K.L.:
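Below is a structure I'd like to ask you about.
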Amino acid sequence: MKITVDFEECLKDSPRFRATIEEVEGDVCELESKLDKLVKLCIGMIDAGKAYNTANKQFVNGIRELAQQSTKDEVIESSLTKFAESLQEMINYHTILFDQAQRSIKTQLQTFVKEDLRKFKEAKKQFDKVSEEKEAALTKNAQAPRNKQHEVEEATNILTATRKCFRHIVLDYVLQINVLQSKRRSEILKSMLSFMYAHLTFFHQGYDLFSELQPLMKQLGGQLDQLVVDAAKEKRDMEQKHSTIQQKDFSNDDTKLEYNVDADNGIAMEGYLFKRASNAFKTWNRRWFSIQNNQLVYQKKFKDNPTVVVEDLRLCTVKHCEDIERRFCFEVVSPTKSCMMQADTEKLRQAWIKAVQNSIATAFREKGDDAEKLDRKSSTSTGSLDSGGEPKEKSLKGESALQKVLAIPGNTCCCDCGQPDPRWASINLGITLCIQCSGIHRSLGVHFSKVRSLTLDTWEPELLKLMCELGNGVINQIYEARREELGSRKPQPGDPRHEIEAYIKAKYVDRRFVRRPSDEELRTKVVSLSKQEKRLSSSSEHLPPRPPPPTPKLRPGSNASGKSGHGLEARRDSLFCPDELDSLFSYFDTSSKLRSIKSADSGIQNSADGSREMLVTTPSTNSLADAEAAEPPPMPMPATLPPPSPCKEPVFYEPKEYSPGLQLYWASCACSLPDMAEALAHGGEVNWVNTDDDKRTPLIMAVQGGSLVTCEFLLQNAANVNQQDAQGRGPLHHATVLGHTGQVCLFLKRGANQNAADIEGKTPLSMAVEAANADIVTLLRLAKMNEEMREAEGPYSQSGDETYQDIFQDFTQMASNDPEKLNRYQQYDPQKP
């Protein structure tokens, strides 16, 4: 607050003047206190800033040291070096900022306090002194007696002089006060403005510095996304290798040594052995031995040069040593010396002796005939010394998920931004995505989009077929139908993330670009789908079942005569009846035979999705029994088994109202995935209930249609696998009644309740037993057994029995790739007896 003092008022020396002076003095005293405090805080800030700069320099030095340590990784080294240089520049800018703070705050304000406020204090002292003198002169003048003329004159003269001096000093004091009040404003603002300009310069320099660094940071950000994917892939590969190695048999701590005469590094065999020293003490030391270049060598550390034990293996021999105290010893003898060595186990000793003998023979062959060496290199020459009899893992794999999905037209670019070579997919939409769009889809939630990697994740056959049935072209025709009409721009690769995110939310969450059909268009679509379903169903009907495939021969050692009490007891205690076990064995124990037979009698035709279980009218010309004519004939069975339980055929009723849910209902029955995706985009409820048709759902109609992929599409879009119709039957009931084994397998994997009973009290298992479908009975009982095992093991049990999972995986593969092998009904030919 600025306080000015009137010069005229000071000459009067009135109480108002004295009050004003007192107020000014108090204000100046407080100002001095605040300025002193601010200067001290500035000094503390500068000291802290210097300490920060010192610590920051040490941190930057640490980054430089890390960059020097990462010389083998060019990306890390160059990036860290550039970052360190930028941070060092920021430290320099900080130093300049603190120097400016010292000049503008500390120096200027200290000068103001020491000079201007000091002058004010000196003027105040003189004012206080002359004020006292004036008061004394007035008092003395008042006390002078009337009769003493000389005292009166003296008092009057003193008073006159004092008043003259007072006027002079008080005018100077008031001038000093007014000047101080004006100067305090300019000095404080000048100091703070200089300090703020220093900050402005500091942040401008920092902005310019990091603007130059921004392209590099963006480039690294893009590389980082790929590095994350590569790291996840490497982690997955490492975990798989770790799991594979853990599953190997390392009983008795025997290391699996391999003798490989044609190894790329020239080392035929290597491992740890104890070696007896040739000195007088005969000490034993553990060393790393290897056979390479027809020599036996060892070393203590990796960086040590190998020590040669035998110069030429052709001149030596190897033998067991049983005459010394230590076990598992053998000796390599050459014309000049011998070397005693000890293995950890007898098995390893035999392996090393065999490896040395093979190396000796190889050395002679190499010397005698180089051509033979070349021929041997072209054949397999690596054999495990202790892996005989172990089953080998399947090494052949089908076409990768990436290749299959990208082969669909339109899938070679991201569905939402057009980025080429996508590596991610949305499995419930059936589209391919780039890594940036996949992250945005993942943020939408699984109720909108379920993201999966095309290269890192495992793909089930039904999911791959689902992706191949839809694709970017089909989905964009639905979700971008009105985009051009609305004038919306589709994102391009490299657009800002927030623009792409806004477009994706408008496309899939708000469904802004979906073209809503008119009532007449919807009616035409539903009627067309219902007629399409009738055309599909007219080519299939329930026919008498054929007998199950013949029972394979029992393996040697199994008791098949029925005389053994153990065998009969085991069959009685088994969870499966003999016919069911025969069926199970026929699919898995004789799979190699079945794969070599072309099943012309299956009478099943695959739809476009490769998994529709439907019958055709081609007569049977062959059978599995003919293919296995060498087998003993199966037990006599009736010519026909009871047909499956009747299942109500879908009938089209003219509805009160046409809705997207009704379109989804009939599209599911007609197995038309594009129409199903369109119905969901139009707002169709995936669990929509048709009250005019026994409260059936789209999933139940997909079962009627017989397509495994249609069911998978609905389940991926949150269809309820246990929702029942008016008869109390869920999808699992209907799949069982219709004999759709692949669908039964799919529903069990997705948590279908196999204990649910319909209004007649029938469960899926009782229906399968009634229909004599051993495949489905086998699956249901396996699932029930697995569930009981998990409950018995408690809450910390694993995901289930490995045998159960393997069988279900084989059934899934068969249902997707070879559905004819799961057909339980054959075409009835009345001309055959």
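These numbers come from a predicted model, not from an experiment.
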K.L.:
Assess whether a salt bridge exists between K124 and D128, defined as any Lys/Arg side-chain N lying under 4.0 Å from an Asp/Glu carboxylate O.
P.N.:
yes

K.L.:
Once you round to the nearest 0.5 Å, how far does CG of L31 lie from SG of C29?
P.N.:
9.5 Å

K.L.:
Between CD of Q492 and CD1 of I500, what distance do you get to the nearest 0.5 Å?
P.N.:
9.5 Å

K.L.:
Quick one, E485 with R515, criterion salt bridge (charged side-chain N to carboxylate O under 4.0 Å, His left out). Give me CA distance, side-chain angles, the key distance, then yes/no.
P.N.:
CA-CA 10 Å; E485 176 186 335; R515 187 183 302 279; 3.3 Å; yes

K.L.:
Mark yes when over 12 heavy atoms from residues, nucleotides or ligands other than D519 sit less than 6.0 Å from its CG; otherwise mark no.
P.N.:
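No, CG of D519 has 12 or fewer neighbouring heavy atoms, counting only those of other groups under 6.0 Å.
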
K.L.:
Just to verify, what does F83 make a ring-ring contact (aromatic ring centres under 6.0 Å, His included) with, not counting sequence neighbours?
P.N.:
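Listed in chain order: nothing, the list is empty.
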
K.L.:
In terms of relative ring orientation, are F166 and F127 parallel, tilted or perpendicular, with 30° and 60° separating the classes?
P.N.:
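The rings of F166 and F127 sit tilted, inter-plane angle from 30° to 60°.
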
K.L.:
Q219: what forms a side-chain contact (heavy atoms from CB on, under 4.5 Å) with it, not counting sequence neighbours?
P.N.:
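side-chain contact (heavy atoms from CB on, under 4.5 Å) list for Q219, sorted by chain: L216, Q223.
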
K.L.:
Assess whether atom CZ of F59 is packed by more than 12 heavy atoms of other residues, nucleotides or ligands within 6.0 Å.
P.N.:
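No, CZ of F59 has 12 or fewer neighbouring heavy atoms, counting only those of other groups under 6.0 Å.
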
K.L.:
So, for P422 and T412, which heavy atoms are closest and what is the spacing to 0.1 Å?
P.N.:
CD-O, 3.0 Å

K.L.:
Looking only at heavy atoms, which two atoms of L433 and C415 are closest? And how far apart?
P.N.:
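Heavy atoms only, the tightest pair is CD2-CB, 4.5 Å.
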
K.L.:
State the CG-CG distance between L429 and D416, to the nearest 0.5 angstrom.
P.N.:
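If we round to the nearest 0.5 Å, L429:CG and D416:CG are 9.0 Å apart.
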
K.L.:
Any side-chain heavy atom of Q663 sitting closer than 4.5 Å to one from L522?
P.N.:
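Yes, close enough: below the 4.5 Å cut-off.
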
K.L.:
Taking 4.0 angstrom as the limit, do E77 and R64 come out as a salt bridge?
P.N.:
no

K.L.:
Which distance, rounded to the nearest 0.5 Å, do you find between the CZ of R511 and the CG of L680?
P.N.:
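Between atom CZ of R511 and atom CG of L680 there are 7.5 Å.
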
K.L.:
For side chain to side chain contact (heavy atoms under 4.5 Å, CB included), just list the numbers for M467 and I408, CA-CA rounded to whole Å, side-chain angles, deciding distance to a tenth of an Å, and then say yes or no.
P.N.:
CA-CA 9 Å; M467 294 293 300; I408 305 302; over 6 Å; no

K.L.:
Side chains of I435 and Q226: closer than 4.5 Å at any heavy-atom pair?
P.N.:
no

K.L.:
Would you call D421-R423 a salt bridge at under 4.0 Å N-O?
P.N.:
yes

K.L.:
A side-chain contact here means heavy atoms from C-beta on lying under 4.5 Å apart; do L714 and M676 qualify?
P.N.:
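A side-chain contact under 4.5 Å exists here.
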
K.L.:
Looking at E469 and K404, is there a salt bridge between them, counting it only when a charged N and a carboxylate O are closer than 4.0 Å?
P.N.:
no

K.L.:
I'd like to know if R489 and D495 make a salt bridge, using a cut-off of under 4.0 Å between side-chain N and carboxylate O.
P.N.:
yes

K.L.:
How about L470 and F713: do any of their side-chain heavy atoms sit closer than 4.5 Å?
P.N.:
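Contact flag for L470/F713 side chains = yes.
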
K.L.:
Let me see the working for K125 and E132 under salt bridge (charged side-chain N to carboxylate O under 4.0 Å, His left out), right down to the final yes or no.
P.N.:
CA-CA 11 Å; K125 288 181 181 179; E132 291 177 0; over 6 Å; no

K.L.:
Between F513 and Y508, is the ring centre distance below 6.0 Å?
P.N.:
no

K.L.:
So do D99 and I46 actually touch side chain to side chain, heavy atoms under 4.5 Å?
P.N.:
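I46 vs D99: side chains apart.
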
K.L.:
Taking only residues two or more places apart in sequence or in another chain, which ones pass ring-ring contact (aromatic ring centres under 6.0 Å, His included) with Y93?
P.N.:
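Checked Y93 against ring-ring contact (aromatic ring centres under 6.0 Å, His included); zero matches.
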
K.L.:
Does the side chain of Q143 come within less than 4.5 Å of L138's, by heavy atoms?
P.N.:
no

K.L.:
Using a 4.5 Å cut-off on heavy atoms from C-beta on, say whether the side chain of Q100 contacts that of S194.
P.N.:
yes

K.L.:
Should we say atom CE of M90 is surrounded by more than 12 heavy atoms from elsewhere, each under 6.0 Å from it?
P.N.:
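Correct, the count exceeds 12.
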
K.L.:
Answer yes or no: is there a side-chain heavy-atom contact under 4.5 Å between L454 and W424?
P.N.:
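Counting from C-beta outward, L454 and W424 never come under 4.5 Å.
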
